[in-house]
Amino acid sequence: MKTVFSPRHRGHADQLELVAGAIVPGYELTSRAEYVSARIKAIGLGPILAPEEHDLTTAARVHRQDYLDFLPTIWDRWTAEGRSGTALPFTWPTRGLRGDVPPEFIDGLLGYYSFDAGCGIVEGSWDAIKSSHDVALTAAGLVQDGERAAFALCRPPGHHAGAGFMGGYCYINNAAVAAQWFRDNGAKRVSILDVDYHHGNGTQEIFYSRADVQVINLHADPMQEYPYFLGHANERGAGEGEGYNLNYPMRFGTDWARWSQSLEDACGKLVAYNPDVVVVSLGVDTFEKDPISKFRLKTEDFPKIGERIARLGVPTLFVMEGGYAVAEIGVNAVSVLTGFEDV
C-alpha cells in the first residue's frame, strides 16, 4: 500500500491547548506522525510518497470561503498585536450571542471560527495544515487512478473541522475534502467510515443534508465524551440527507466485543448504500492505553478492523485522524493497513 506523507507537518509544533482547566502542551504531537511513518518503513508496507500541491478549490466546496481565507492569516494577525506563543481563542458566540457577524479583532475571530481551545496556532501551523490537505488529495488521486487502497498520513488531523470552524486539533477536514474530490471526479456515492474514538462532528455537519456522501461514525457516547454536543444515535441527517448519517455512540469501557458489533452493523449499512469509494477516518485512539480516551481495544484488535474493511470490496482511502498513545500509535495504525492488505 502506498502512503503519502509530508515532513512539513513538523512546522505545527509546541502548540498549547486548553484542557481540564489548564493550558498544557498539545497532545497532538509531531511524534505521532513520525512513529507511524517509521513503522511503515520498518515493516515495508510500501513506498512513502511526497504530496503534490493542490489549491483549495475542493476545500471551498466543503468549507466556507471566509473560514479558509482566515486560516492563513491567524499567525500574522496574532503577532501584529505584539504577541508570541500560541494563538488561542477564549470566547465563543454561544446561545444568546450573535454568531452571524464576524468581529474584526483577532481574539474575536479566533472564537468565531472555532468551537474549543484545542486548535492552537503557531508560526508553522498553516503550512502544516495546507500540507495535510495536500496529502489527502494526493492519496485520493492514487485510489482514483486504480490503487486498491492508499494511506494519507495526515497531520494535523481533520474530522472535527466543520464548514466554518476548527476544533479538536483539526483545521481543514481532510476526509471531507477527499470525499468531495471523489464526487467531483466521477464517484456517484462516497461513504466516510469514521472509526476514531471521538465523534467526527465536523464531517457530520458538512454532509448532514446530502445524500451523495454517507457518513458513519463509531465513537464514544457524547453524553460522556468530547465533543459532547453532537453524535447521538438519533442524528440521521436532514432533508435530502435523511438516513445517510449514522452514529454508533458507545459508553466508556467499550471493548472489542462491543465495538466490533457496531462495526459489523455499520459495514452492513455501508454495503447497502453501495458506494463507489470508501474514505476511512482512521483514528486509533480507541486503544486501551490512549491517554485521552476510555475504550479498551487492544493492539491485536486493530488488524481485524482492516480485515473487515477490506471485505467490503470497495476502493478505500485511509486518512489519519487521532491516536495519542504515541509509543503504540505506529503499530496500531499500520496494523489496520496490514490487516486490510492481508485480505
Side-chain angles (χ1 to χ4, degrees), residues 4-17 25-34 36-37 50-79 85-89 106 109-140 152-181 196 200-203 205-206 279 281-283 319-323:
V4 182
F5 178 52
S6 172
R8 289 161 54 194
H9 81 92
R10 297 175 191 141
H12 184 57
D14 301 321
Q15 76 281 7
L16 302 176
E17 64 174 295
Y27 280 98
E28 206 283 288
L29 301 167
T30 56
S31 53
R32 297 175 60 249
E34 301 297 338
V36 178
S37 64
E52 300 170 353
E53 286 287 330
H54 291 265
D55 63 29
L56 296 174
T57 300
T58 305
R61 289 176 56 75
V62 297
H63 289 291
R64 282 171 28 188
Q65 187 63 56
D66 59 310
Y67 172 63
L68 292 176
D69 291 343
F70 172 64
L71 287 174
T73 72
I74 295 173
W75 182 249
D76 287 345
R77 290 174 186 251
W78 184 257
T79 56
T86 300
L88 284 174
I106 182 60
L109 286 167
L110 284 169
Y112 179 81
Y113 288 115
S114 69
F115 74 94
D116 68 11
C119 274
I121 293 284
V122 295
E123 185 173 8
S125 292
W126 170 247
D127 189 58
I129 293 162
K130 177 58 167 56
S131 73
S132 189
H133 158 277
D134 292 347
V135 163
L137 286 182
T138 303
L153 180 43
C154 292
R155 179 182 178 270
H159 72 151
H160 292 306
F165 59 81
M166 56 186 167
Y169 314 143
C170 302
Y171 306 85
I172 290 178
N173 193 314
N174 304 307
V177 173
Q180 183 64 53
W181 187 89
D196 192 279
N201 61 286
T203 311
E205 185 253 355
I206 288 168
V279 177
S281 275
L282 179 57
V319 178
M320 192 70 204
E321 301 287 2

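Bear in mind that the values here come from a model prediction, so they are computed numbers and not experimental data.
Using a 4.5 Å heavy-atom cutoff, the side chains of Ile172 and Val62 are not in contact.
In this structure, His133 has no ring pair (Phe, Tyr, Trp, His ring centres under 6.0 Å) partners at least two apart in sequence or on a different chain. Applying the salt bridge (charged side-chain N to carboxylate O under 4.0 Å, His left out) criterion to Asp196, with sequence neighbours excluded, gives no partner residue. For Gln15, the side-chain hydrogen bond (donor to acceptor under 3.5 Å, both in side chains) criterion is met by no residue, not counting sequence neighbours. In this structure, the salt bridge (charged side-chain N to carboxylate O under 4.0 Å, His left out) partners of Asp66, at least two apart in sequence or on a different chain, are Arg64. Partners of Tyr67 by ring pair (Phe, Tyr, Trp, His ring centres under 6.0 Å), not counting sequence neighbours, listed by chain and number: His63, Tyr113. For the side-chain hydrogen bond (donor to acceptor under 3.5 Å, both in side chains) test, residues two or more places apart in sequence or in another chain that qualify with Asp69 are Gln65. Listed by chain and number, the residues in a ring pair (Phe, Tyr, Trp, His ring centres under 6.0 Å) with His160 are Tyr226 (sequence neighbours excluded). By the side-chain hydrogen bond (donor to acceptor under 3.5 Å, both in side chains) test, Thr73 is found to be paired with Arg77, residues two or more places apart in sequence or in another chain being considered. In this view, Glu205 satisfies the salt bridge (charged side-chain N to carboxylate O under 4.0 Å, His left out) rule with no residue, not counting sequence neighbours. Contacts of Asp127 classified as salt bridge (charged side-chain N to carboxylate O under 4.0 Å, His left out), with partners at least two apart in sequence or in another chain: Arg8.
Once rounded to the nearest 0.5 Å, the distance linking NE2 of His159 with CD1 of Ile206 reads 12.0 Å. Going from atom CD of Glu17 over to atom CG of Asp116 covers 8.5 Å, rounded to the nearest 0.5 Å. Taken from CD in Glu321 to SG in Cys170, the straight-line distance is 6.0 Å, to the nearest 0.5 Å. A distance of 15.0 Å separates CH2 of Trp181 from CG of Asn174, quoted to the nearest 0.5 Å. Going from atom OG of Ser132 over to atom CG of Asp134 covers 9.0 Å, rounded to the nearest 0.5 Å. In this structure, CG in Leu110 is found 8.0 Å from CG in Leu88, a value given to the nearest 0.5 Å.
In this structure, Lys130 contributes its side chain and His54 its backbone to a donor-acceptor pair below 3.5 Å. At distances below 3.5 Å, not a single donor-acceptor pair connects side-chain atoms of Thr58 with backbone N or O atoms of Val177. The backbone N or O of Thr30 lies less than 3.5 Å from no partner atom in the side chain of Arg10, so there is not a single donor-acceptor pair. Between the side chain of Ser37 and the backbone N or O of Glu34, at least one donor-acceptor pair lies under 3.5 Å.
Here the shortest heavy-atom pairing between Ala50 and Val4 reads C-CG1, 4.1 Å. When every heavy atom of Ala33 is checked against every heavy atom of Phe5, the shortest pair comes out as CB-CE1, 3.7 Å. Leu153 approaches Met320 most closely through the heavy-atom pair CD1-CG, 3.9 Å. The heavy-atom pair separating Leu68 from Leu56 by the smallest distance is CD1-O, 4.3 Å. The two atoms that bring Ile74 and Ala87 nearest to each other are CG2-CB, 4.1 Å, heavy atoms only.
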Side-chain polar contacts of residues 118-126 - donor-acceptor pairs under 3.5 angstrom, sequence neighbours left out - could you list them?
| from | atom 1 | to | atom 2 | distance (Å) |
| --- | --- | --- | --- | --- |
| Ser125 | OG | His12 | ND1 | 2.7 |
| Ser125 | OG | Val122 | N | 2.8 |
| Ser125 | OG | Val122 | O | 3.3 |

Determine, step by step, whether Ile106 and Phe70 satisfy the side chain to side chain contact (heavy atoms under 4.5 Å, CB included) criterion, reporting the C-alpha distance in whole Å, the side-chain angles of both residues, the deciding distance to 0.1 Å, and the verdict. CA-CA 10 Å; Ile106 182 60; Phe70 172 64; 4.0 Å; yes
Start with the C-alpha distance between Val135 and His9, add both sets of side-chain angles, then the distance that settles side chain to side chain contact (heavy atoms under 4.5 Å, CB included), and finish with yes or no. CA-CA 10 Å; Val135 163; His9 81 92; over 6 Å; no
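A ring-ring contact (aromatic ring centres under 6.0 Å, His included) with Phe165 is found for exactly one of Phe115, Tyr171, Tyr112, namely Phe115.
Within the structure, every pair that satisfies the salt bridge (charged side-chain N to carboxylate O under 4.0 Å, His left out) test and touches residues 154-173, not counting sequence neighbours, is listed here: Glu28-Arg155.
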